[in-house]
Peer 1: 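Quick one: the structure is below, and I'll ask about it shortly.
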There are 2 protein chains.
Amino acid sequence: MAKLKENSTNSQNRRFFTSCDMTYAVQIIGGRWKILILSALGKEAKRYSQLKKVLPGITERMLTLQLREMEMDGIVHRTVYPEVPPRVEYTLADIGRELLPICAQLHLWGGRHRNAATVNARGTGSKPESQEAGDAIPSKPA
Amino acid sequence: MAKLKENSTNSQNRRFFTSCDMTYAVQIIGGRWKILILSALGKEAKRYSQLKKVLPGITERMLTLQLREMEMDGIVHRTVYPEVPPRVEYTLADIGRELLPICAQLHLWGGRHRNAATVNARGTGSKPESQEAGDAIPSKPA
DNA sequence: GGCCATACATACATTTTTGTGCGTACCATA
DNA sequence: TATGGTACGCACAAAAATGTATGTATGGCC
């Protein structure tokens with residue numbers, strides 16, 4: 001009960017963020033899995049189960065949710081083949097594909113920076129090994 | 001009680017994310033305020049109170065937290081002038097400055113995309129007006 | 001003394017994100 | 001009949017992010 005605070009700072013900010021081009025973009029690639037999925041699909045279309053394999057540690061729920069959001073955001077396409085064991089393929093839309101170079105730059109920046117910054121401990125273990133996340137990361141975006 | 005699950009998928013994923021260059025980068029610019037602060041500081045050094053003015057709706061707590069994190073991540077510098085009313089100036093570090101072009105691209109992408117995508121309702125109100133967030137957004141990054 | 005401003009800190013509450021565990025429809029194959 | 005695979009859906013739970021409210025130290029000014 002008490003107050004539902006529909007007009008709290010939180011709500012207002014949320015409204016603002018979707019109205020700012022930059023934060024809007026960050027909301028779309030933000031979160032734990034979005035860019036990884038993006039990169040994974042950057043190489044080629046993949047089906048649900050393939051994405052699961054490629055993304056280490058993602059749960060089915062998260063994969064579904066993220067894909068749904070990305071679909072709503074118009075950066076991936078979803079194609080259902082009404083076959084016997086169901087088959088669903090995910091593809092990058094054009095606007096999604098436009099994000100790939102940005103991902104690549106983030107990847108480069110991350111690499112450079114992590115070597116420079118001497119482990120300022122934001123994770124738990126933080127061994128500075130650059131695991132490449134399967135084929136999730138586009139080594140050559142173009 | 002029950003289990004604290006130190007080795008839950010969550011923890012493992014967190015570890016993975018800091019070991020992947022790309023997600024590492026996203027963690028740094030991700031969140032509600034990071035890029036806005038980044039962009040704001042991209043133009044010129046600013047002090048705490050100035051940032052507050054420039055960032056619509058941010059709370060002092062959030063501003064402090066974000067700045068602290070960005071400091072730890074080595075993308076901003078913090079300079080304290082031991083004056084009578086305290087004065088603290090925040091500057092972009094070099095690695096922070098390297099993010100500016102990426103921000104600019106995100107900004108561009110966001111602009112293009114939001115015009116194309118016909119409001120798929122991720123926010124509350126979602127009027128497609130592109131507010132420029134004060135001077136937070138670098139219109140010409142170079 | 002009382003009030004102002006700055007740049008926070010701290011306890012607490014709420015919201016959002018992410019994860020856990022289980023179930024389902026379909027048909028095939030053993 | 002039992003089991004297996006695909007691509008999810010759903011209820012619940014834990015964790016992380018964000019917001020609210022209040023306090024603090026300093027010295028100047030009235």
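Residue numbering restarts at 1 for every chain, and letters A, B, ... go by the order of the sequence lines. The shown structure was predicted, so the numbers you read here are calculated from the model rather than taken from an experiment.
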Peer 1: With sequence neighbours excluded, tell me which residues meet side-chain hydrogen bond (donor to acceptor under 3.5 Å, both in side chains) with B/R97.
Peer 2: none

Peer 1: Please state how far atom CD1 in A/I37 lies from atom C1' in D/dA7, giving the value in whole angstrom units.
Peer 2: 14 Å

Peer 1: Through what angle, rounded to 10 degrees, does the axis of the helix from C/dG1-D/dC30 to C/dA30-D/dT1 turn between its ends, using five pairs per end?
Peer 2: 30°

Peer 1: Between P on D/dT6 and CG on A/L63, what's the gap in Å once rounded to a whole number?
Peer 2: 13 Å

Peer 1: Whole angstrom is fine here: how far is it from CZ in A/R32 over to P in D/dA14?
Peer 2: 17 Å

Peer 1: Please report the interatomic distance CG(A/L41) to CD(A/Q50), rounded to the nearest 0.5 Å.
Peer 2: 10.0 Å

Peer 1: Once the angle between the rings of B/Y24 and A/H113 is folded into 0 to 90°, is it parallel (under 30°), tilted (30 to 60°) or perpendicular (over 60°)?
Peer 2: tilted

Peer 1: Would you mind listing every salt bridge (Lys or Arg N to Asp or Glu O under 4.0 Å) that reaches into residues 47-65 of chain B, with sequence neighbours excluded?
Peer 2: B/K52-B/E60

Peer 1: Could you pull out the closest heavy-atom pair between A/K34 and A/I29, with the gap in Å?
Peer 2: CB-O, 3.5 Å

Peer 1: Give the cluster check for A/L106 versus A/L108: same hydrophobic cluster or not, with ILVMFWY residues linked at side-chain heavy-atom distances below 4.5 Å.
Peer 2: no

Peer 1: Please identify each residue that fulfils side-chain hydrogen bond (donor to acceptor under 3.5 Å, both in side chains) with B/T64, with sequence neighbours left out.
Peer 2: B/Y48

Peer 1: Would you kindly give the CE-to-C1' distance between B/M62 and D/dT20, to the nearest whole Å?
Peer 2: 11 Å

Peer 1: Is A/L67 reachable from A/V80 through a run of hydrophobic residues whose side-chain heavy atoms are each under 4.5 Å from the next?
Peer 2: yes

Peer 1: To the nearest angstrom, how far is A/Y81 atom OH from D/dC8 atom C1'?
Peer 2: 18 Å

Peer 1: Under the side-chain hydrogen bond (donor to acceptor under 3.5 Å, both in side chains) rule, collect the residues that match up with A/E89, sequence neighbours excluded.
Peer 2: none

Peer 1: Roughly how many Å is it from CD in A/E69 to P in D/dG9, rounded to a whole number?
Peer 2: 13 Å

Peer 1: Please give, in whole Å, the distance from C/dT17 C1' to A/Q27 CD?
Peer 2: 13 Å

Peer 1: Between D/dG19 atom P and B/Q66 atom CD, what is the distance in whole Å?
Peer 2: 9 Å

Peer 1: How does protein contact run along nucleotides 1-11 of chain C, one letter per nucleotide 5' to 3', with B for base contact, S for sugar-phosphate only, - for none, heavy atoms under 4.0 Å?
Peer 2: -----BSBS-B

